[in-house]
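Every chain is numbered from 1 and lettered A, B, ... according to where its sequence line falls, protein lines coming before strand lines. Note that the structure is a prediction, hence the values are computed from the model and not measured.
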There are 2 protein chains.
Amino acid sequence: MNAPEPRFARVAALIADASRARMLALLLGGEARSAGELARAVSITPQTASTHLAQLLDAGLVTLRAQGRHRYFTLADADVARMLEALASVAERDEVQTRWDTARFKPLKYARSCYCHLAGDLGVQQHDALIAQRVLVSDDAGALVLGEAASDWLHAARFSGEAVLSVRHAAKKKRFAYGCMDWSARRDHLAGAFASTLLTHYLDRGWLRKTSTHRALAPTPSGVGEFSRLFAAAFRQ
Amino acid sequence: MNAPEPRFARVAALIADASRARMLALLLGGEARSAGELARAVSITPQTASTHLAQLLDAGLVTLRAQGRHRYFTLADADVARMLEALASVAERDEVQTRWDTARFKPLKYARSCYCHLAGDLGVQQHDALIAQRVLVSDDAGALVLGEAASDWLHAARFSGEAVLSVRHAAKKKRFAYGCMDWSARRDHLAGAFASTLLTHYLDRGWLRKTSTHRALAPTPSGVGEFSRLFAAAFRQ
DNA sequence: CCAATGATTCGGTCTGGGTCGAAGTGCCTG
DNA sequence: CAGGCACTTCGACCCAGACCGAATCATTGG
């Protein structure tokens, strides 16, 4: 009769603290951050941050890479990012319409990094376009795999021949591509290894650039053109 | 520079408390529960439960239906269920393999209700089978819609003619069917309005029955036969 | 080998929030 | 109308855990 305490309560408790939540929100940007950097960003002393990070590490929400006397933290994996986005999607619900339309949040709504893939309206467009153009198709199990139009599209997106091969190789792995609920658009954007590769590519080609402080990503003039060409099929909406 | 406190921290705080988490876990079963019932289930006094439920209600995690002097609570919507499952999927990670194989948890892993659809191994089989048989197919935007084999399958599943029509009508709505990460199987099971209809149908036909205390669902002898027939395509693995 | 810097550990303080007893409100039944 | 039941509100208590000061460890550079 007596329900046992669910394990998710413990994870929720880790996210519940304002300082830890702000650290996690920063890490959602995808980049590794040192302990001190995180402490300063959320205005707490290094020793407090240290205890917080130890807890996040212990629970497996973040991973650690020590480099000299710095310790760099990143989100553990895409599952953690998905969980945070799911929380945000419930937390933001009704606020979305009003808040997102302010000038301050518009860039964030248009495009941002989520862990290490593209989110926001542009991420949703990417998701819809790649499926509509059959670059990605559902296999028998409902997972997304490369479709018949994949090679053409990758070529059009200026992937090199060897890069295409490496994508094709990665496509065999689990978690290659899947939908992830976008909390501002409230529709799926594209997540997974393929989505990471694409975002890296966009940044490398200079179609997107990171903005100073936030997770927001701004398209460059050349990027605007490329995206409207590559995602043309999704622009019908 | 100073990162604002993310709104999801507030939601996480609501789930972080052991008593509230246990209530939410109970409500994940999909059935409405009265305040007193929830209080007894988690071993707290009615007045404590009342403050908890008021908070959950205020945050929109649960909804309320007052009936006489009883107040019945249910999970607010499928987004909340998805969020809880995402949390659980991170929280359970490594435990899954060991814990689920104990006799105590096996029924839960095999089939359980998630909000108001079918989860667990059977839920994953359903998801995979309906897609493999093209009862459900992805549309241009990646959402699942009824496919060319839908009518035949519904007929085979003993849906009446008018029930088939009502399903076809419901198929136009948003959130008709979509994948939802299953935290025990770690693959997608089927969620959405269609999934709810199917679970209700299985219960009505006596193919599944609710077990006493948990969210676990047990297949009846006739259910075993029906499921192996209806989900045949997924039994390859 | 000695600062200087990044990070952790320890000990003590303090507050937010969960808890229950007691009392109050509303609804249903006899 | 009276009594009972489901639930809520109020007040007081108490404790887990966030926080910081001080000290310690580790790495780098001079």
For this session: Ignoring backbone atoms, test whether A:Ser19 places a side-chain nitrogen or oxygen under 4.0 Å from the OP1 or OP2 oxygen of D:dC19.
Result: yes
Exercise. Which nucleotide in the set D:dA18, D:dG21, C:dC28 lies at the smallest distance from any side-chain heavy atom of B:Arg69?
Worked result: C:dC28
Exercise. Does A:Val124 offer a backbone N or O that forms a donor-acceptor pair with the side chain of A:Asp121 under 3.5 Å?
Worked result: no
Exercise. Within the distance-only criterion (no hydrogens, no angle test), does the side chain of A:Arg93 pair as donor or acceptor with the backbone N or O of B:Gly60 below 3.5 angstrom?
Worked result: yes
Problem set entry | NZ/NE/NH1/NH2 to OD/OE distance under 4.0 Å, B:Glu226 and B:Arg158 | yes
Problem set entry | Whole angstrom value for the distance that separates P of C:dG18 from CE of B:Met23 | 11 Å
Seminar exercise, completed: Between CD1 of B:Ile44 and C1' of C:dG21 the distance, given in whole Å, is 15 Å
Exercise. At under 4.0 Å, does any side-chain N or O of B:Gln67 touch on OP1 or OP2 of D:dA6?
Worked result: no
Problem set entry | Length of the line joining A:Arg10:CZ and D:dA16:P, which is rounded to integer Å | 15 Å
Exercise. Can you check whether A:Thr45 has a side-chain N or O nearer than 4.0 Å to OP1 or OP2 of D:dC20?
Worked result: yes
Seminar exercise, completed: From the candidates C:dC20, D:dC19, D:dT8, the one with an atom nearest any side-chain atom of A:His52 is D:dC19
For this session: Return the value, rounded to whole Å, for the distance between atom OH of A:Tyr72 and atom C1' of D:dT27.
Result: 13 Å
Problem set entry | Flag, side chain of B:Arg112 to backbone of B:Leu108, donor-acceptor distance under 3.5 Å | yes
Problem set entry | Residue-phosphate contact under 4.0 Å: A:Thr48 side-chain N/O, D:dC20 OP1/OP2 | yes
Seminar exercise, completed: From CD of A:Gln55 across to P of C:dA7 the rounded distance in Å is 18 Å
Exercise. OP1 or OP2 of C:dA7 sitting under 4.0 Å from any side-chain N/O of A:Ser50?
Worked result: no
Problem set entry | Side-chain N or O of A:Arg71 closer than 4.0 Å to phosphate OP1/OP2 of D:dT27 | no
Exercise. Between atom CG in A:Asp58 and atom P in D:dG17, what is the gap in whole Å?
Worked result: 13 Å
Exercise. Does A:Gln47 make a side-chain N or O approach to OP1 or OP2 of D:dA18 shorter than 4.0 Å?
Worked result: no
Exercise. Side chains of A:Thr45 and A:Thr48: do they bring a donor and an acceptor to under 3.5 Å?
Worked result: yes
Problem set entry | Nucleotide of C:dT8, D:dA18, D:dT8 approaching A:Asp17 most closely (side-chain heavy atoms) | D:dA18
For this session: Pick base, sugar-phosphate or nothing for B:Glu37, based on heavy-atom distances below 4.0 Å to the nucleic acid.
Result: nothing
For this session: Report yes if at least one side-chain N or O of A:His70 is closer than 4.0 Å to OP1 or OP2 of D:dA26; otherwise report no.
Result: no
Exercise. Taking CZ from A:Arg33 and C1' from C:dA7, how many angstroms apart are they, rounded to a whole number?
Worked result: 18 Å
Exercise. In whole angstroms, how far is the P atom of D:dA6 from the CZ atom of B:Phe73?
Worked result: 15 Å
